[in-house]
S.K.: 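The structure under discussion is supplied below as structure tokens; questions concerning it will follow.
This is a predicted model, so every value here is computed, not measured. What you see below is based on every heavy atom in this structure, not just the backbone, and it leaves out hydrogens, waters and symmetry mates.
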Amino acid sequence: LSVKLDGAAVALTYINGQLTQALTRGDGIHGKDILDKMRLLVPEYIGIKGIVQITGEVVAPERIENARNYAAGALNLKYLREFLDREILFYAHGMEDDGDYMGDVEYGDTWQVRMEYLKDEGFNTVHTHMTDGLPKDGLVYRINDTYDFIARGFTAKHPRGAFALKEKQKGVVTTLEDVTWQVGKSGAVSPVALLSPVKVGDAWVSRATLHNMDYIRELNLEIGCKVEIIR
């Protein structure tokens with residue numbers, strides 16, 4: 001069991017111990033190259049040969065307004081000097097490799113042992129470090145045994161050996177002012193609600209997806225009606 005941090009997802013790749021790639025989640029298949037920025041947040045070298053991928057979240061303190069967007073925005077900054085001014089950290093929550101050894105030393109086959117190893121290599125992890133004061137949006141339950149975890153397999157997006165438990169947030173009521181249409185990355189056209197701006201949690205919301213026409217009909221939406229927004 002670990003906390004689910006609410007930040008920007010990042011995947012790091014180490015080859016023969018050297019950090020060689022850092023990507024944002026992007027669309028789930030293609031992410032943005034942020035290697036120059038992540039070199040400032042994580043160790044450049046670790047003591048494992050072969051290929052290792054470390055996943056985690058870039059987070060900002062929850063006292064910063066709209067902390068999630070603040071962290072994600074830092075990864076999109078053009079200049080490193082601006083990035084250095086951001087108050088952000090990287091917390092690891094996953095580690096996968098192409099073998100069972102770090103150098104010549106077997107490091108175990110559980111998630112907990114892997115997080116302890118990353119701590120020893122200089123990483124913050126959701127298992128070994130305090131997360132007080134960081135934004136969270138739930139809990140993550142996962143199988144501890146690495147081989148059992150892998151044996152469960154994966155869906156197109158998620159491992160079957162873990163799941164997140166998120167509490168439904170309280171909604172805020174506002175007015176549906178209009179509906180427009182947008183073309184997504186896949187080429188699909190979907191309706192978007194234009195709302196009277198309202199603060200939900202720590203963010204101002206003025207747009208929300210309506211998914212498709214069936215969704216609009218199911219909610220019986222009309223221009224000018226009151227709607228409840230949950231972020």
Side-chain angles (χ1 to χ4, degrees), residues 1-15 17-46 48 51-97 111-112 114-140 142 157-159 162-166 169 185 200-205 231:
L1 173 66
S2 63
V3 298
K4 185 176 184 300
L5 294 176
D6 191 16
V10 171
L12 309 172
T13 301
Y14 286 80
I15 299 179
Q18 183 172 5
L19 179 63
T20 58
Q21 186 181 72
L23 299 172
T24 63
R25 175 181 287 156
D27 61 5
I29 298 175
H30 300 100
K32 182 179 180 180
D33 182 357
I34 52 169
L35 180 60
D36 57 339
K37 299 181 179 70
M38 293 308 298
R39 280 192 170 122
L40 304 174
L41 296 182
V42 301
E44 182 81 17
Y45 298 95
I46 60 175
I48 302 182
I51 301 173
V52 175
Q53 184 181 74
I54 297 168
T55 51
E57 299 276 322
V58 171
V59 292
E62 60 185 354
R63 57 179 167 73
I64 295 176
E65 187 173 2
N66 207 356
R68 186 180 187 278
N69 285 357
Y70 176 91
L75 301 179
N76 291 317
L77 291 171
K78 186 175 181 179
Y79 300 108
L80 288 180
R81 62 177 178 272
E82 295 180 75
F83 181 78
L84 285 167
D85 289 336
R86 290 290 176 109
E87 194 175 348
I88 54 176
L89 296 165
F90 177 79
Y91 270 72
H93 57 58
M95 174 181 168
E96 299 175 15
D97 65 341
W111 177 79
Q112 288 176 304
R114 291 179 179 225
M115 293 301 102
E116 291 285 350
Y117 172 74
L118 290 180
K119 180 197 73 170
D120 292 342
E121 288 289 326
F123 286 89
N124 300 317
T125 87
V126 294
H127 174 63
T128 60
H129 288 72
M130 295 291 293
T131 56
D132 294 346
L134 298 176
K136 308 171 187 69
D137 61 348
L139 298 170
V140 176
R142 64 170 289 146
K157 293 184 177 180
H158 306 291
F163 68 89
L165 179 66
K166 301 174 73 171
Q169 300 298 310
K185 292 180 180 179
V200 184
D202 58 359
W204 283 94
V205 175
R231 184 169 179 261

S.K.: Would you call I54 and E121 a side-chain contact if the rule is heavy atoms closer than 4.5 Å?
M.R.: no
S.K.: With heavy-atom distances below 4.5 Å as the criterion, would you say the side chains of V140 and H93 are in contact?
M.R.: no
S.K.: Do Q21 and L35 make a side-chain contact, defined as non-hydrogen atoms from C-beta onward lying under 4.5 Å apart?
M.R.: no
S.K.: Can you tell me how far CD1 of I51 sits from CD of E96, rounded to the nearest 0.5 angstrom?
M.R.: 12.0 Å
S.K.: Give a yes or no answer on whether the side chain of K37 reaches the backbone of A74 with a donor-acceptor pair at less than 3.5 Å.
M.R.: no
S.K.: So F83 and D36, side-chain contact (heavy atoms from CB on, under 4.5 Å) or not? Walk me through it.
M.R.: CA-CA 10 Å; F83 181 78; D36 57 339; over 6 Å; no
S.K.: Is the backbone N or O of Y70 less than 3.5 Å from a side-chain atom of R86, with the two atoms forming a donor-acceptor pair by type?
M.R.: yes
S.K.: Can you measure from NZ (K136) to OG1 (T131) and round to the nearest 0.5 angstrom?
M.R.: 4.0 Å
S.K.: For the side-chain contact (heavy atoms from CB on, under 4.5 Å) test, which of L41, V42, V58 pairs with V10?
M.R.: V58
S.K.: Report yes or no: does T125 contribute a side-chain atom to a donor-acceptor pair with the main-chain N or O of T128 at less than 3.5 Å?
M.R.: yes
S.K.: Over all heavy atoms of both residues, which pair between Y14 and P43 is shortest? Give the atoms and the distance, please.
M.R.: OH-O, 2.5 Å
S.K.: To the nearest 0.5 Å, how far apart are CD in E116 and NE2 in H127?
M.R.: 4.5 Å
S.K.: Counting C-beta onward and ignoring hydrogens, is there a side-chain heavy-atom pair between L12 and F90 closer than 4.5 Å?
M.R.: yes
S.K.: To the nearest 0.5 Å, tell me how far R68 CZ sits from D6 CG.
M.R.: 5.5 Å
S.K.: How long is the span from the CG atom in L75 to the CD1 atom in I34, to the nearest 0.5 Å?
M.R.: 4.5 Å
S.K.: Can you tell if the side chain of P61 reaches within under 4.5 Å of the side chain of E87, non-hydrogen atoms only?
M.R.: yes
S.K.: Hey, is D97 close enough to R114 for a salt bridge, meaning N to O under 4.0 Å?
M.R.: yes
S.K.: Please find the pair of heavy atoms, one from A67 and one from P135, that lie closest to each other, and give the distance.
M.R.: CB-CG, 4.1 Å
S.K.: Does the K166 side chain pair with the main chain of K4, one donor and one acceptor, at a distance under 3.5 Å?
M.R.: no
S.K.: Side-chain contact, heavy-atom cut-off 4.5 Å: N76 with K32?
M.R.: yes
S.K.: Would you confirm whether T20, through its side chain, and T13, through its main-chain N or O, come within 3.5 Å as a donor-acceptor pair?
M.R.: yes
S.K.: State, yes or no, whether a side-chain contact exists between V3 and Y91 at a heavy-atom distance under 4.5 Å.
M.R.: no
S.K.: In Å, rounded to the nearest 0.5 Å, how long is the span from OG1 of T55 to CE of M95?
M.R.: 10.5 Å
